[in-house]
J.: 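Can you read through this structure? Questions will come right after.
Note that this is a predicted model, so its numbers are computed, not measured. Naming: A, B, ... by sequence-line order, numbering from 1 per chain.
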Amino acid sequence: MLTQVSTVAKRPRTGRWLAAAAGLTMSLAATLPAKAADTIKVGILHSLSGTMAISETTLKDMMLMLIDEQNKKGGLLGKKLEPVVVDPASNWPLFAEKARELISKDHVAVVFGCWTSVSRKSVLPVFKELNSILFYPVQFEGEESERNVFYTGAAPNQQAIPAVDYLMSKDGGAVKRWVLEGTDYVYPRTTNKILEAYLKSKGVKDDDILINYTPFGFSDWQTEVSKIKTFGSAGKKTAVVSTINGDANVPFYKELGNQGIKATDIPVVAFSVGEEELAGLDTKPLVGHLAAWNYFESIKTPANAAFIKRWHAFIKNDKRTTNDPMEAHYIGFNMWVKAVEKVGSTDPNKVIAALPGIKVPNLTGGVSEMLPNHYITKPVYIGEVRGDGQFNVVWKTKGLVPGDEWSDYLPGSRDLKADWVTLKCGNYNTVTKKCGGQGS
Amino acid sequence: MRILSAVSFAVLLSLTVLAGSLAASSAASAQGAGLEQGLQKFTTDDFSDTSEGIGAVAASGNPRAADILGALQDGRLMFDAASKTVFIKTAAGAVVNAATGRPAMLPDSADNVRLNNRLRGALDAVMGTLTLLSPDPAKRLDAAQAVFKSRDPKTLPALGTALAREKNSRIRRVLQEARAAAILSSDGADDAAKVAAIAMIRDRGDQDSLALLQSLPKDSPANVREAASAAVARIGRSLEMWSLLQNAWYGLSLGSVLLLAAIGLAITFGVMGVINMAHGEMVMLGAYVTFVVQQVIRAYDPSLFGYSLIVAIPLAFVVTGAAGVLIERSIIRFLYGRPLETLLATWGLSLILQQLVRTIFGPTNKDVGNPSWMSGAFDLGGMTITYNRLWIIVFAMIVFVALLAMLRFIRLGLEMRAVTQNRAMAAAMGIRTARIDALTFGLGSGIAGIAGVALSQIDNVSPNLGQGYIIDSFLVVVFGGVGNLWGTLVGALTLGVANKFLEPFAGAVLGKIAILVFIILFIQKRPRGMFALKGRAVEA
């Protein structure tokens, strides 16, 4: 046990020495070593072209704004922050290459990036090998905890499960029948597996759950929507839980509107539809459909109002919306700044050790904390689509919900636990008392 | 004037009926008090209070109730928590005090009274009851439908009044169905009435009726239960038949979308033999032309919005056609006879075009609106037909026929066919083949552009729009037979219908895979597609 821990701690150190040595030779080779020392570099790894550009470009802009603001406040440790933006072009292997470039060529102190789970999985080995830090801002399926990654997006228990709880409540319509509709890839499949297990644990029968997958970028929703309509006519209140990703949402909602399915008949609660996605849509027919997030632009707090104002000023466009992953980056960036200030260094090992326990205010009036499992605490809000493309909060959790890395509802992951502070392990099996039992 | 007084009498009557004997005997002051109490509930910003408020306002019998609840339904009801006052924003933008109806100033701290789905459902039902006697038949029909959905036994007296006055047979029918639904969910009604109500609902025969009949409580008397299950079985059977037709319709609709996307390619790839990977981007450009046209119309004269697509079609054709000619002259003409290089060059071109659009318009989806004649649906028997799909089918057929006619009857068409069939001979006859090549490529691109106008109505307008269609387009052209427009038509419709009949059983993902496997096998057997060109042209 002990030896295991020490190898985990030791391995990155050699990597660091290697990296430092490589860096030294490189900076000697370069004729401008002085400039590099004056700034702390922050890597931004978001797709600026290709399919994911639609979502990720905004996050790049958000990071530029946060870095700009920090510099106006006097930088960090007396140095200016310098953003290094790369474009992995929605190409998963390229994510790994660009991450390597950021860490070993540009010597960034930290990287903020990725959107899809597959891009995160693709950069994981790079961050482990070169011992750097990644902040991942998007809601995802959980079932992972790595020493080098900090997850500021929602785990399933911070989004999917509270949403289902709301729909089962009286205000949510006391839903008895469920359609789990998703795009066919890892996030919806895992989330739906967790939800199916959760629903069954609440006494929902097999007949009352319909699980359906469609390909990426699906646009002909006629059959799917009429299937939902038929499933919903069995005399029990029905709801759709949608993990439909990205572009496929717009035609889906258009078809719902056209076939006359109103939110009062069959509400749809979505986990991937935010203000940004609704911007390309006439929302009048969608009023009342739901989304579950940890942040909504319409939440009225002084911090949020100021944030939106700064964002509009930075992007020079009053119509640009803010959304949940942007808040996640805001929280993540502030946590990293605070941790660096605390240890007085950007050394990854020190920062990684300092991050758990760091608390920063979020934009909705609470204080989020980085947990030992590298997830954070977040409030959960259920919002209803309004006619103007924003959301009305109709329900929220009592306090902040701590992120649960290994779902309690899946066999195999139920017994696992991540703790990087005391156990120094991302998948500690509480039954066999061993680290690295059953992995992802 | 007489109509007006009759109407106000009618509204008053419905209110009094709703509120029961209490409201009927009460004086105006009591009505005001009930309304005031209800309105107070709206100022706490709490869903259960708002729910009580809706009930209190509806029951107050006050003539202002319909206005207030209508405003709440449209999101025009505002409250000010500090002064505990409720305001109505009228549709014209003026603000009036909800209780008095007098003009008022809206305080800065005022906020919308919020609703959730539960309240929205309850509100629809209450509003339905209040507007059952509206002078506008469309409103009465909506009201009757809302009451049908509410299944609230408390609406029975109001339904009775409305039925006694209703002359329109269609609305009468819905009112009777609404009454049947209310009877079924009331405890007091006797079994005979319930069985009669079940027959009524059964004849309605849609999914709502199925839902209603299946939700009958398990402890109902035996004869009611039997009647219900017989009715459920009968509705189920008829819906199943309709669902076959519905699938065929969906298939036709998907086929028409495929046809639109592929028909331009049938020209550039099918007729000219150019493997044009940038074809999807031409579709995308057409969609962006639609977006720009709509932006201009929104800025200058929103009343013309309904015509935006009609303006966009020729514009998209011209813009993408010109882009096509430009591409042919600057790139493709150097690559004739070198398919691999053409493929790579046009693939690169497609990436350039995507990024160009992304730089100019931004990476986010653009909001291309549906004109009112393109949105909504109507029921045909047990089928739901959405207008946007209907018009796209019609549009695809018009484009197909126009293209066919053009190739057959116009000089340019004749020259195009001549150049494809025998280039050397055509040149010897004095046809400028290089010019014809450019125009043919321009025509194919232009048609892709107008397909983009249609696709902007059903898909995202984003730089990635074209990518989603390029593979399908090639499938259709290859399957139908390269160089044959009829092949493209039959290919598109076959793939569409086959896909939609597979989807309910196999799911969308597996359905698509199955189609792909089928096409691969088919191409093994008939490498030249369904409608292969025969004779000497094949060798050319």
J.: What pairs with Asp142(B) under salt bridge (charged side-chain N to carboxylate O under 4.0 Å, His left out), at least two apart in sequence or on another chain?
T.: none
J.: Run the salt-bridge test on Lys300(A) and Asp111(B) with the 4.0 Å N-O cut-off and return the result as yes or no.
T.: yes
J.: Please look at Ser375(B) and chain A and tell me whether the side chain, the backbone, both or neither of the residue comes under 4.5 angstrom of a heavy atom of that chain.
T.: both
J.: Is Gln222(A) in contact with chain B via its backbone, its side chain, both, or neither, using a 4.5 Å heavy-atom distance?
T.: both
J.: Checking Asp265(A) against chain B: side chain, backbone, both or neither under 4.5 Å from a heavy atom?
T.: side chain
J.: Does Lys500(B) come within less than 4.0 Å of Asp220(A), counting only side-chain N to carboxylate O?
T.: yes
J.: Distance only, no hydrogens: is a donor on one side chain within 3.5 Å (strictly under) of an acceptor on the other, for Gln259(A) and Thr386(B)?
T.: no
J.: Side chain from CB out, backbone as N, CA, C, O: work out which of these in Thr230(A) comes under 4.5 Å of a heavy atom of chain B, or both, or neither.
T.: both
J.: Can you give me every donor-acceptor pair (side chain of residues 211-218 of chain A, partner residue at least two apart or in another chain, under 3.5 Å) with its distance?
T.:
{"from": "Asn212(A)", "atom 1": "OD1", "to": "Lys227(A)", "atom 2": "NZ", "distance (Å)": "3.4"}
{"from": "Asn212(A)", "atom 1": "ND2", "to": "Glu224(A)", "atom 2": "OE1", "distance (Å)": "2.9"}
{"from": "Tyr213(A)", "atom 1": "OH", "to": "Asn192(A)", "atom 2": "ND2", "distance (Å)": "3.3"}

J.: Give, for atom OG of Ser219(A) and atom CG of Leu254(B), the distance between the pair rounded to the nearest 0.5 Å.
T.: 8.0 Å
J.: Would you call Asp124(B) and Lys262(A) a salt bridge, taking side-chain N to carboxylate O under 4.0 Å as the test?
T.: no
J.: Test your reading of the model: is there a side-chain donor-acceptor pair from Asn117(B) to the backbone of Gly288(A), 3.5 Å cut-off?
T.: yes
J.: Chain B heavy atoms under 4.5 Å from Thr57(A): which part of the residue, side chain, backbone, both or neither?
T.: side chain
